[in-house]
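Structure record follows, encoded as C-alpha cells.
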Amino acid sequence: MAPHSSPHPARRPLTPAPFVLRLCLHLLMAGLLVLAAVRAHSAAGTVAAAVTGTVYAAGSYLPPVRTSRRAAAVWLGVLGASWLAMLWLTPEALWVAFPLYFLQLHLLPVRWSLPAVALTAGAAILSYVGHGAALNPGVFIGPLLGAAVAVATVLGYQALYRESERRRRLIEELIGARAELAAAERHAGTLAERERLAREIHDTLAQGLSSIQLLLRAAERALPPDSPAAGHIERARRAAQDNLTEARRFVRALTPSDLEHGSLAAALERLCEPGAGPYGPGAGAYGPGAGPRVRFSVSGTPVELPTPYEVALLRIAQSALANTVRHASASRAEITLSFMDASVTLDVVDDGEGFEPGSVRPSSEGGFGLPAMRARAESLGGTFTVESAPGQGTAVAVSLPLSPEDRSPTAGGTA
C-alpha cells in the first residue's frame with residue numbers, strides 16, 4: 001500500500017506493496033493534492049498542498065524510509081504535520097486523509113496505527129467544522145467511513161497474506177517431506193533387498209557348500225591312505241572351500257553399510273551419536289537436540305558374530321530407537337549389547353511415555369515395527385520381549401543363541 005517497501009530489512013515484509021497498489025496510491029495522493037491546491041481559497045493553501053506533495057514524494061525515494069521503521073515513522077510524522085498545516089488553511093485538505101489512513105496502517109504497528117487513523121479522522125472532521133461548514137451526518141460519516149474502509153482493507157489484506165504465507169510454508173514442508181519419504185522408502189527397499197539376498201545366499205548356497213565340505217572331509221578320513229580317490233576328494237573339498245569363501249564374501253558385501261567399516265558394536269555406537277538418526281549417520285531422521293540423549297554400552301567379552309546376527313541386531317536397534325524418537329517423547333535412551341556364554345542380547349530402554357504392549361497391532365505401512373522385529377529375532381532362533389506401561393518407559397530385549405563355533409575368533413565368517 002505504501003509508496004515504498006516495508007521498513008523491515010531483516011525479514012520478509014508482512015504486507016508487500018505490489019507495484020499496482022503503490023501506483024494507485026501515488027495517483028490517489030497526487031490527484032487529491034492537486035484538487036486541494038486548485039480549490040484552495042488562498043495562495044498559502046496552494047503552497048501547503050505543494051509542500052505536502054513534496055514531503056510525500058521524498059518518502060518514495062529516500063532509502064532510510066524504505067529500510068528503517070524509525071525513519072518511516074519520522075517521515076510519516078512530517079507528512080502528517082504538513083497535512084495538518086494544509087488542513088488549517090483549506091477545508092479541501094480533508095480528502096487527503098483517506099490515503100493517509102493507508103500509510104498509517106501500513107507503516108505503523110497496529111497498536112499505533114489504529115489510534116493514528118482515529119486522530120486523523122477526528123482532525124478532518126474538526127477542520128471541516130472549523131471552516132464554517134454546516135453540521136450534518138455527512139460531515140461525520142464521510143471521514144469515519146473512509147477510516148473504516150481503510151482499516152478493513154489493510155487488516156483484511158494482512159490476514160490474507162499471513163494465511164497465504166502459512167499455506168506456502170506448509171506446501172514447501174509437504175513437498176520436502178514427500179521427497180524425504182520417497183528417498184527413505186527407496187533406501188529401505190534397497191536395504192531390504194540386500195538383506196534378503198544375503199539371507200538367501202547364507203541359508204542356501206553357503207550352508208550347502210559347508211555341508212558338502214564336511215561330507216568330503218568325512219569321506220576323506222574314511223578312505224585308505226593309498227586310495228586313488230583320495231586326490232579327487234581333496235580337490236573337490238578345496239573347490240567347495242573356495243566357493244564357500246566366495247559365498248561368504250557375497251554375504252558380507254550385501255550387509256548394511258553400517259557394518260562395512262567396523263564391528264556391530266561400532267555400528268551401534270555410531271547410531272547413538274547426536275544427529276545420527278535411527279538408520280545410521282546421515283539418515284536425517286532427527287537432528288541434534290531433536291531426539292533423546294542415547295548412550296551405548298557393551299557388557300561381557302565381545303566376540304565375532306555371524307553376519308545374519310549382526311544384521312538382525314543392528315536393524316532391531318535402529319527400529320527400536322526410531323520408535324523411541326517418533327512416539328515415546330523420551331529424554332534418554334540406552335542401548336546395551338551383552339555377550340554371554342550361550343547368547344548375545346540387545347536391550348533398548350527409554351524413559352518415554354510407554355504404552356500397553358498388548359494393544360499394539362501390526363502396522364499397515366510395513367517397515368520395522370514390533371511384529372517385524374519379533375519375526376526377525378525368531379527367524380534366527382532367538383527371543384524378543386517388550387516391557388512397557390503408560391508413563392513408565394519401554395524396554396525392548398532380543399536374545400540370540402550362540403553356539404561354540406559362533407564364539408570362536410573366526411565366527412564372523414562362518415556360514
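In this chain, numbering begins with 1 at the start of the sequence shown.
When every heavy atom of T301 is checked against every heavy atom of F339, the shortest pair comes out as O-CB, 3.3 Å. Nearest heavy-atom pair across T383 and A377 is O-CB, 4.2 Å. The minimum heavy-atom distance linking C272 with V294 is given by the pair SG-CG1, 3.4 Å. For the pair S388 and F355, the tightest heavy-atom approach, listed with the atom from each and the gap, is OG-N, 2.9 Å.
P292 places none of its side-chain heavy atoms less than 4.5 Å from the side chain of R332. In this structure the side chain of R374 never reaches within 4.5 angstrom of the side chain of V396, judged on heavy atoms. Within the 4.5 Å cutoff, the side chain of F296 has heavy atoms near those of the V298 side chain. Side chains of V303 and L305 form a contact here, defined as non-hydrogen atoms less than 4.5 Å apart. Looking at heavy atoms from C-beta onward, L314 lies in side-chain contact with L264 at the 4.5 angstrom threshold. Under the 4.5 Å side-chain criterion, counting only non-hydrogen atoms from C-beta, T336 is not in contact with L346. Looking only at side-chain heavy atoms (C-beta outward), E353 and P390 stay at 4.5 Å or farther from each other.
Partners of R237 according to the side-chain contact (heavy atoms from CB on, under 4.5 Å) rule, which considers only residues two or more places apart in sequence or in another chain, are Q213, L216, R217, E220, E234. Under the side-chain contact (heavy atoms from CB on, under 4.5 Å) criterion, T345 pairs with S338, M340, S343, D347, S399, sequence neighbours left out.
Tested against T394, the residues D351, D350, T324 include a single side chain to side chain contact (heavy atoms under 4.5 Å, CB included) partner, D350.
A salt bridge between E165 and R162 is absent, with no side-chain N of the basic residue lying under 4.0 Å from a carboxylate O of the acidic one.
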**Derivation and outcome, side chain to side chain contact (heavy atoms under 4.5 Å, CB included), residues V311 and R376** = CA-CA 10 Å; V311 173; R376 186 184 288 276; 4.2 Å; yes
**Request:** Determine, step by step, whether R169 and E173 satisfy the salt bridge (charged side-chain N to carboxylate O under 4.0 Å, His left out) criterion, reporting the C-alpha distance in whole Å, the side-chain angles of both residues, the deciding distance to 0.1 Å, and the verdict.
**Result:** CA-CA 6 Å; R169 290 192 296 269; E173 292 174 1; 6.0 Å; no
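A donor-acceptor contact shorter than 3.5 Å links the side chain of T153 to the backbone of V149.
Donor-acceptor pairing under 3.5 Å is lacking for the side chains of Q241 and R238.
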